[in-house]
Structures are given as C-alpha cells and as structure tokens.
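Since the structure comes first, as structure tokens, the remarks are kept for the end.
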Amino acid sequence: MNSCVIEVAVGVLLRKFEADALTSESSLRGRYTYDSFLLAQRPEGKTYAGYWEFPGGKVEEGETLLHALERELHEELGIKIVRAFPWLTCLHIYEHAAVRLNFFRITEWQGELYGKENQQFSWQNSSSLTVSPVLPANTFILRALQLPPLYAISNAAEIGIEIFMERLQVALENGLKLVQMREPELSRVAMRELSLRVVKLAHVYGAQVLINSDVELANEIGADGVHLKGVQLAACSSRPNLTWCAASCHNADELQRANDLGLDFVVLSPVLPTRSHPDVKSLGWEAFSTMAKNSAIPVYALGGLCCDDLEKAWQYGAHGIAMLRQAW
C-alpha cells in the first residue's frame, strides 16, 4: 500500500423534492433542508467500476480543495459550482491507497448535469436508496445525510411543561425532526413522564428524540437514542447500542474521542457567549472550524446562536446548529 495519503475533494449535490416547494422559504426547513442528493456510477476502466459514489476527484498540486472540486465537477458533470460548504472529512484505507475524502455540500450550481465520461447518475434519498453498490468510502455519508439542520434541546422546566409541549407541537408541525430531552432540574420520574409524552408526539411527525445522558431511560421509553455528556464520553469504552448516539464536546480531544467511538454526531460548544454561562470562554467561529474540519461525523454548533446563524455555521463546517431557548 502506498504510504502517502491522497487528498480527494468530493461534492454532495443537494436539492429539494418538488413537494418542498410548498414549504415556506422563511422557515428553517424551507431554507436549509434538502431531501435528495446525487450519486454517480464509476465508469468502466476505473477502480471499483460500477460502484456508485459522490462525484469528485484527486486534488492536484497547487490546488485548494474547493478549486479541485470545481475542476472535477466541471470535467465529470459539466457544471459550475455556485454555493458550496465544507462538511466532513474521512480517511479511508483501500488495498491500493489511503485517501482522505474532503466532503462539501453543494446547494447551487450552474449548467445542466450530464455524464461527460458516459457515467450514469441518479438522485437518491438516504431513507430509500435505489442504487447499489455504493463505494465503501462513501457509505458513512448516507448516515450523516439523515440528520436535519436543527437539533432542538428541551427547556420544559424553565418555561413550563405544558407551554413546552404546545411549542414542541408547533415546531414539529413546522418540520422539526430532531429533539434532545435535557431537563437536569426534573426528577427521574418527572423526566420519564415528560419524555414519554415527547417521544409519542414526536413520532407522530416522524421526528426523533434523544435522551440526555440516560441510556437506560432511552431504552425504557422507546426513545431513538442517547446524548452523552462530556464526562460520559471520556469514560465510554464502546458506542451505546441505540439507533442514534451523540455527545457534547468542548475541545478537539473530545471531538476525536467521539469519532473514535463511532458516534453519529456531536454538539461542539460554546461557539458564542451564552446567557446561561456568561463567564465561559467561547470558541469563536475560527476555532470551531479548525476542530470541525477534521471530523468524519457531523458537528452541530451550539452556544449563543439563532436560526439566522445557520448559513454562517455551514460556512464554518458545521452540519447544523443546536439551540435551547431559541428553538422554542
């Protein structure tokens, strides 16, 4: 095997289904939720011919990642990138080479797509993939594409449980798909009772619920996963056996730990100063970007953010944003 790592720039072209045209462009879902992505089939004569992949290619000497991706997509599909956001990075070891895949989400381009290398391409949805096989180094992206741009964290104890339930229903009706139940001020009995209500309501709308720190409770009430605290992440020896497993991170070491354990995503904070922790030093966007750019799992930005910050978060490599008070 070649000991050198080959840098590869990869594009995840995103588009909305026509049904989403009815969604308000003023809503978070309307602006930033993309329900289909492009896969291209590797042509004859290339390694892994016939496999499906996200388009892209090798970074040539003197090129930036984005410049390489622009060149590759023009050469392969005849398009010009208009809007691209850095996303995930993954080192994959093939028998013939080690490649570092640098993924970008592409939301706007110019030109009509066509296979300039006579390759086939297909618009797909992560929940109902219709082509196979997918290139081994690309399969983890399918998991990440199931995650929405907003991760809402509960604050029922602060605003009142019934008010929270009312606001949760409104948020679910507006497209909220991922909720973390985090109520440190509630007893376990009260937390269990509230979480049961939240899970039941969320599942009606196809949304998923993670329970903060309590794996046993998550299993007990049929929640979709668990969100680990930083101390739990440090002590964890293996990934909890739940559909989704996330963690809170505050530095590069914790983020790497979450990657090593194969968690599904993390929340990295605080990006900006927060009302609840005014004395805690915030990371700032540059430090956030430095940490997030080497992650193979999605990173949500948390701390002092609102919905209007989502595009900035994308620009700095975040998968999306997590919000507490601003979510409700």
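Counting begins at 1 with the first residue of the sequence. Predicted model only: the values in this text are computed from it and were never measured.
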*Linking I/L/V/M/F/W/Y whenever their side-chain heavy atoms sit closer than 4.5 Å, directly or via other members, would Leu39 and Ile79 fall into one cluster?*
no

*Would you mind telling me which of Val226, Leu233, Leu255 makes a side chain to side chain contact (heavy atoms under 4.5 Å, CB included) with Leu263?*
Leu233

*Taking every non-hydrogen atom, the tightest pair across Val134 and Val131*: CG2-O, 4.3 Å

*Taking side chain as C-beta onward, heavy atoms only, is Arg105 less than 4.5 Å from Leu14?*
yes

*CA sep, side-chain torsions, deciding dist, call: Phe164, Trp328, ring pair (Phe, Tyr, Trp, His ring centres under 6.0 Å)*: CA-CA 8 Å; Phe164 169 73; Trp328 315 108; 4.9 Å; yes

*Are Phe104 and Phe85 close enough that some pair of their side-chain heavy atoms sits under 4.5 Å apart?*
no

*Test item: Asp224 and Leu178 side chains (from C-beta on) under 4.5 Å apart, heavy atoms*: no

*asked:* With a 6.0 Å cut-off on the ring centroids, do Tyr316 and Phe288 count as close?
replied: no

*asked:* For Ser248, run the side chain to side chain donor-acceptor pair (under 3.5 Å) check against Glu254, Lys229, Gln180, His227 and tell me which one passes.
replied: His227

*asked:* Is the distance between the ring centroids of Phe121 and Tyr114 under 6.0 Å?
replied: no

_For the residue pair Arg83 and Trp109, would you count it as a cation-pi contact if the rule is NZ or CZ under 6.0 angstrom from the ring centre and within 45 degrees of the ring axis?_
no

*Would you check if there is a donor-acceptor pair between the side chains of Thr130 and Gln124 at a distance under 3.5 Å?*
yes

